[in-house]
Amino acid sequence: MKEKLRYLVYFGIIFSIELFCSFTLNSMGIRKENILMVFIVGVLLIATFTKGYFYGLLASIISVLCFNFLYIDPNYDFHISDPNDFMLILFFLMTSVIACSLTDRFQKQIIISKKNESISKQLYSLSERLLNVSGIEYILLKGNQYIEEIIQIKTNISLEIKKRK
């Protein structure tokens with residue numbers, strides 16, 4: 001619940017900055033195609049900071065509606081009279097959905113990478129501690145002890161040696 005509230009705050013702040021920048025650029029006479037890039041950057045920032053596909057898609061849809069309402073002729077209406085504007089909005093929506101999807105995948109890969117890094121560090125630590133241990137029974141005893149320390153579960157390790165024919 002706390003995380004969702006934080007994401008909504010990020011969403012609101014980023015979207016407010018996005019609208020402020022678009023109004024500023026519009027007052028400077030910048031064309032609507034360039035203003036659309038501000039909305040795309042806003043969607044990417046929302047997708048990045050909220051770590052979720054849902055918020056990115058929501059930002060995409062709201063950005064398209066705001067852009068249509070504020071900058072597509074006729075202004076302050078959701079009607080699109082020019083087919084070029086319709087295609088512009090369609091490509092914006094497709095681009096933002098793809099970008100949100102890629103951002104979501106990238107964030108998931110970062111989580112997996114951090115988990116793998118942690119496991120690698122633990123295995124390195126274990127192998128380093130076993131480096132100077134000799135004797136099968138002592139290796140089993142120390143290995144069991146170290147594994148129990150790492151995973152904090154009681155374990156039992158046994159070794160079966162098969163002779164080759």
Side-chain angles (χ1 to χ4, degrees), residues 1-129 143 146-155:
M1 182 66 177
K2 188 175 181 181
E3 190 173 82
K4 287 183 181 182
L5 181 63
R6 187 177 73 203
Y7 289 165
L8 286 174
V9 169
Y10 286 156
F11 186 92
I13 290 170
I14 293 170
F15 202 77
S16 299
I17 293 170
E18 178 181 315
L19 286 175
F20 175 75
C21 289
S22 71
F23 286 135
T24 303
L25 291 174
N26 189 42
S27 68
M28 293 170 55
I30 304 294
R31 292 182 52 183
K32 63 185 171 190
E33 291 83 5
N34 296 320
I35 293 172
L36 191 60
M37 297 304 153
V38 172
F39 283 97
I40 288 175
V41 169
V43 168
L44 288 173
L45 288 173
I46 288 171
T48 301
F49 283 105
T50 59
K51 297 180 182 171
Y53 194 69
F54 170 75
Y55 292 102
L57 286 178
L58 183 65
S60 299
I61 293 168
I62 291 174
S63 293
V64 164
L65 292 174
C66 285
F67 181 76
N68 183 11
F69 188 76
L70 297 171
Y71 301 109
I72 301 289
D73 292 328
N75 288 357
Y76 310 113
D77 188 6
F78 288 109
H79 181 73
I80 302 173
S81 58
D82 187 6
N84 291 322
D85 290 337
F86 179 75
M87 292 306 294
L88 187 68
I89 287 176
L90 183 66
F91 281 118
F92 166 77
L93 193 58
M94 288 185 331
T95 303
S96 60
V97 167
I98 291 169
C100 289
S101 174
L102 291 174
T103 303
D104 185 53
R105 286 183 186 178
F106 180 69
Q107 289 172 343
K108 286 179 182 175
Q109 288 301 316
I110 287 174
I111 291 169
I112 291 169
S113 172
K114 286 181 180 180
K115 184 178 178 181
N116 288 341
E117 179 185 9
S118 173
I119 291 170
S120 295
K121 284 181 180 180
Q122 289 176 348
L123 288 172
Y124 176 76
S125 173
L126 177 64
S127 64
E128 189 177 51
R129 291 166 83 181
Y146 295 151
I147 290 171
E148 285 178 0
E149 285 177 20
I150 292 171
I151 63 174
Q152 298 179 353
I153 297 175
K154 188 74 175 161
T155 60

Quiz item: For the residue pair Y71 and F67, does the interplanar ring angle fall in the parallel (under 30°), tilted (30 to 60°) or perpendicular (over 60°) class?
Solution: tilted

Quiz prompt | Criterion side-chain contact (heavy atoms from CB on, under 4.5 Å) against K32, the qualifying member of L70, D85, N26 | solution = D85

Quiz item: Any side-chain heavy-atom pair from Q107 and T103 closer than 4.5 angstrom?
Solution: yes

Quiz item: Does any non-hydrogen side-chain atom of Y10 lie less than 4.5 Å from one of Y7?
Solution: yes

Practice problem: Flag the pair V41 / E18 as yes when at least one side-chain heavy-atom distance between them is below 4.5 Å, and no otherwise. | Solution: no

Quiz item: Taking atom CG of L25 and atom CG of N34, what is their separation to the nearest 0.5 Å?
Solution: 8.0 Å

Self-check item: Heavy-atom pair with the smallest gap, counting every atom of F78 and L65
Solution: CE2-O, 3.4 Å

Practice problem: Looking only at non-hydrogen atoms, find the nearest pair between I153 and E148 and report the distance. | Solution: O-CG, 3.3 Å

Quiz prompt | Spacing of F54 atom CZ and K4 atom NZ [to the nearest 0.5 Å] | solution = 8.5 Å

Quiz item: Heavy atoms, side chains only, cut-off 4.5 Å: are L8 and Y55 in contact?
Solution: yes

Self-check item: Closest non-hydrogen atom pair, F92 against S60
Solution: CE2-O, 3.8 Å

Quiz item: Rounded to the nearest 0.5 Å, how far apart are OG of S63 and CG of L58?
Solution: 9.0 Å

Exercise. Find the distance between CZ (F106) and OG (S101) and round it off to the nearest 0.5 Å.
Key: 13.5 Å

Quiz prompt | Student check: side-chain heavy atoms of S113 and Q109 closer than 4.5 Å | solution = no

Quiz prompt | Distance-minimising heavy-atom pair for A47 and C100 | solution = CB-SG, 3.9 Å

Quiz item: Applying the side-chain contact (heavy atoms from CB on, under 4.5 Å) test to L57, which of V97, V43, I62 qualifies?
Solution: V97

Exercise. Identify the heavy atoms of S22 and V38 that sit nearest to each other, and give their distance.
Key: N-CG1, 4.2 Å

